[in-house]
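First comes the structure, then the notes that go with it.
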Amino acid sequence: MKIATWNVNSIKARLDNAIAWLKDAAPDIVCLQELKCEDAAFPTSAFEELGYNVITHGQKSYNGVAILSKPQPEDVRRGLPGDDDDSQARYIEAAFSRKGGVIRVASIYLPNGNPLGTEKFDYKLRWMERLRAHAKQLLKLEEPLVLAGDYNVIPAPNDAKNPEAWTGDALFQPESRASFRSIVHLGFTDAIRQMHGDAPGLYTFWDYQAGAWQRNNGIRIDHLLLSPQAADLLKDARIDREVRTQERPSDHVPVVIELA
DNA sequence: ATGACATATGAGATATGA
């Protein structure tokens, strides 16, 4: 079973790219982020024609998350618990039946948090604490669980071509990295790190500006965190970096895992 | 270099992203 995460940076602007990639990669479940459209404007039928079920949690202009899946979604949750006043569409979760039981998958668009010293960075850290609390509850189910998405966190210096360039950025703050580790330390496995160790150059995002792609000036911020039951099924994890060579690409590329 | 690029909104310039 192939499960992927991809920040598309507008699903309407990226529809042709997404369809081409789905036909080529043939994932079973795909977590999308930064839809930048409301649910009614999501191009649902285009994906249904490829055999996918579609669930979305969108909003106008910004944010927005979705899950495309060959299996039927069940037990759908829209929005991250812990703050009824949070109206930003950054979390959707569903369970899927598979041989021998259920697998639960979440699509996550974690707040960017820039610039430092503002409400935006506070919101990022509060959102991460809510994610940690919810993840802790989900682990009690003792199911295969995949928390996939754009975490907007560079976990370690090895996850950036030029880590020194990110020292003043919310994505690489000690608080952001510590919060990410506190979630991992609940018992999750970082799929790319598990399969590739400390291999350098494994990036998922390259800025549009200043020839970042051509210089491979990237960062690894899109992650799939696996519960112990999911980690036991892990066969492969890869970054589809060739997607960045598409015409009018997203600034992120898909990350794909294969589970037994 | 409070920039570069890209996208949404809306119809020019601003907000947001990472």
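Lettering of chains follows the sequences in order, A, B, ..., and the numbering in each one begins at 1.
Note: CH2 (W213(A)) to P (dA18(B)) measures 18 Å, nearest angstrom. Spacing between atom CH2 of W206(A) and atom P of dA6(B) amounts to 16 Å, rounded to whole angstrom units. Atom P of nucleotide dA8(B) and atom CD of E38(A) are separated by 13 Å, given to the nearest angstrom. Between D169(A) atom CG and dT2(B) atom P the separation is 16 Å, expressed in whole Å. One can place CG of N217(A) at 13 Å from C1' of dA4(B), the figure rounded to the nearest angstrom. We find that OH of Y151(A) is positioned 18 Å from C1' of dA18(B), with the value rounded to whole Å. Going from atom CD of Q33(A) over to atom P of dT7(B) covers 17 Å, rounded to whole Å.
Looking at which nucleotide of DNA chain B each of F205(A) and R14(A) is closest to, the 5′-most match is held by R14(A). In this structure, S10(A) and I221(A) both approach DNA chain B, and ranking their closest nucleotides by distance from the 5' end singles out S10(A).
To the nearest whole angstrom, the two C1' atoms, one in dA11(B) and one in dA1(B), are 30 Å apart. Taking the P atom of each, dT16(B) and dG10(B) are spaced 14 Å apart, rounded to whole Å. Taking atom C1' on both dT7(B) and dG12(B), the two are 16 Å apart, rounded to the nearest angstrom.
For D190(A), the salt bridge (charged side-chain N to carboxylate O under 4.0 Å, His left out) partners are R220(A), not counting sequence neighbours. Scanning for side-chain contact (heavy atoms from CB on, under 4.5 Å) contacts around S61(A) gives an empty result, with sequence neighbours left out. Contacts of R130(A) classified as salt bridge (charged side-chain N to carboxylate O under 4.0 Å, His left out), with partners at least two apart in sequence or in another chain: D86(A).
Using a cutoff of 4.0 Å between basic side-chain nitrogens and carboxylate oxygens, E129(A) and R126(A) are not scored as salt-bridged.
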For nucleotides 9-17 of chain B, print each protein N/O atom paired with a nucleotide N/O atom at under 3.5 Å, atom names and distance only.
unit_1, atom_1, unit_2, atom_2, d
dG17(B), OP2, K120(A), NZ, 3.4

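Applying the side chain to side chain donor-acceptor pair (under 3.5 Å) test to every pair with at least one member in residues 10-25 of chain A, sequence neighbours left out, gives these pairs: N17(A)-Q246(A), W21(A)-D240(A). Sorted by first and then second residue, the ring pair (Phe, Tyr, Trp, His ring centres under 6.0 Å) pairs with a member in residues 138-160 of chain A read Y151(A)-F180(A), Y151(A)-H223(A); sequence neighbours excluded.
A close approach under 4.0 Å does occur between a side-chain nitrogen or oxygen of R248(A) and OP1 or OP2 of dT7(B).
Side-chain contact of K36(A) with N9(A): a donor-acceptor pair under 3.5 Å is present, judged by distance alone.
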